[in-house]
Amino acid sequence: MTETETHLQAHFADLAKQTHAARFGMWTFLGSEVLFFGSLFALYASYRAEYGDAFSRAVRHTDLLLGSANTAILITASFLVALAVGELRAGSDRRAAALLLAGAALGVAFMALKGIEYAHHFRDGIYPGVHYRYAALPEEGAKIFFTLYYLMTGLHALHVVGGIVLLLALAWMARRGRFTARWHTPAELGGLYWHLVDVVWIFLWPAFYLLH
Amino acid sequence: MTREARRVWITWIVLLLLAGLTFALSFIPSDPFATPVALGIAMVKAVLVVAVFMEFLDARATPRLAFVVSLLLAAILTTLATVDVLTRRVPALPPG
């Protein structure tokens with residue numbers, strides 16, 4: 001069975017058209033993700049406009065070092081996945097698998113740091129919503145800030161977990177020789193998703209750690 | 001190293017340098033330009049990731065259009081939501 005026969009679905013005329021449809025579907029999905037996180041950033045911006053001083057004070061109470069380390073981690077994870085797609089194009093399955101695995105490992109490191117950060121906040125009584133009881137910042141604006149913090153970083157963290165599972169599956173597929181230099185669409189699309197997760201964090205970082 | 005791989009490596013280094021710059025700038029006390037500068041750098045970083053890592057520039061017109069429209073809608077949503085809050089006034093007349 002030829003490569004085209006293996007991967008081509010019956011309802012597509014050729015592999016090029018099928019790949020284009022897959023890419024279009026993925027970019028549309030990423031567009032919906034932009035709207036999903038965009039609406040949360042709109043919420044953040046509105047509350048920041050209303051409670052500017054409280055938000056400025058609250059930003060000083062998140063962990064700048066852990067947040068910044070996570071920025072470097074996600075940027076590097078994204079870089080490794082971009083390299084992996086290049087390796088697949090060159091037909092180097094094993095190198096691509098190693099790079100995808102390294103990307104997933106950095107995703108796990110990101111989650112570990114996020115867990116440490118959440119644990120520190122819980123210890124201080126920083127919980128979301130009505131459970132908030134942080135004595136150092138009792139004002140309403142700070143409560144809203146940390147509720148948004150948990151909502152937005154939590155939803156982002158769920159995306160990271162999904163990305164880790166995806167990268168592990170892609171690494172396994174690459175290691176098993178499921179991809180070829182001509183057909184590696186799942187890895188390409190999985191990479192696109194992972195990069196968008198990185199892009200979202202690029203904006204979460206200043207919003208919750210830097211803008212005081 | 002291929003041309004694409006070199007481009008990816010250079011982008012990674014630039015992204016880390018920009019992140020380092022944002023981190024350093026956050027220590028400047030009460031700088032009025034801190035917010036626009038930090039958001040501006042974030043925007044540049046996002047454009048680099050989308051353009052180089054996601055190969056947006058090499059994508060065909062339809063995927064590009066779908067993504068750009070969603071960006072535009074998200075920007076309109078954020079702007080209008082913020083402007084709404086900033087321009088609200090307490091009603092001049094009491095209710096009733």
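Predicted, not measured: the structure shown is a model, and the values here were computed from it.
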Are the side chains of A:H20 and B:R60 in touch, meaning some heavy atoms are under 4.5 Å apart?
-> yes

Between B:A19 and A:T71, the two heavy atoms sitting closest are CB-CG2, 4.3 Å

Any idea which of A:F203, A:Y209, A:F41, A:Y44 has the most non-hydrogen atom pairs under 4.5 angstrom with chain B?
-> A:F203

Interface moiety of A:S39 toward chain B, non-hydrogen atoms closer than 4.5 Å = both

Answer key: most heavy-atom pairs under 4.5 Å with chain B among A:L30, A:V81, A:L64, A:V200 is A:L64

Most heavy-atom pairs under 4.5 angstrom with chain A, which of B:T22, B:L73, B:V83?
-> B:T22

Criterion side chain to side chain contact (heavy atoms under 4.5 Å, CB included) against B:V49, the qualifying member of A:I75, A:V199, A:L196 | A:V199

Which atoms of B:V8 come close to chain A, meaning under 4.5 Å heavy atom to heavy atom: side chain ones, backbone ones, both, or neither?
-> both

To the nearest 0.5 Å, what is the distance between CD (A:E87) and OG1 (B:T2)?
-> 8.0 Å

Does atom CZ of A:R95 have more than 12 heavy-atom neighbours from other groups under 6.0 Å away?
-> no

Heavy-atom closest contact (A:A42 atom, B:T78 atom, distance) = CB-CA, 3.6 Å

Under the side chain to side chain contact (heavy atoms under 4.5 Å, CB included) rule, what do A:W205 and B:K45 come out as? Steps first, then yes or no, please.
-> CA-CA 12 Å; A:W205 182 46; B:K45 277 156 54 193; 3.5 Å; yes

With a 4.5 angstrom heavy-atom cut-off, could you sort out which part of A:S78 is near chain B: side chain, backbone, both or neither?
-> both

Closest non-hydrogen contact found for B:A38 with A:L211 is CB-CD2, 3.6 Å

Given a strict heavy-atom distance threshold of 4.5 Å, which part of A:T76 is in contact with chain B: side chain, backbone, both, or neither?
-> both

Shortest non-hydrogen separation from A:W27 to B:P63 and the atoms involved = CD1-CB, 3.4 Å

Closest non-hydrogen atom pair between A:T28 and B:A66, with its separation | OG1-CB, 3.9 Å

Just by distance, do the side chain of A:H212 and the backbone of B:S26 share a donor-acceptor pair under 3.5 Å?
-> yes

Let me know if A:R89 has heavy atoms under 4.5 Å from chain B in its side chain, its backbone, both or neither.
-> side chain

Identify which of B:A46, B:G20, B:A59, B:A75 forms the greatest number of heavy-atom pairs closer than 4.5 Å to chain A.
-> B:A46

Value for CG (B:L15) from CD1 (A:I202), rounded to nearest 0.5 Å, stands at 6.0 Å

More than 12 heavy atoms from other groups under 6.0 Å of OH on A:Y47 | no

In terms of heavy-atom pairs under 4.5 Å with chain B, the winner among A:G31, A:G67, A:G38 is A:G31

All heavy atoms of A:A49 vs all of B:T82, minimum pair found to be CB-CG2, 4.1 Å

Could you tell me how the ring of A:F79 sits relative to the ring of B:F53: parallel (under 30°), tilted (30 to 60°) or perpendicular (over 60°)?
-> tilted

B:F27 portion near chain A, given a 4.5 angstrom heavy-atom threshold = side chain

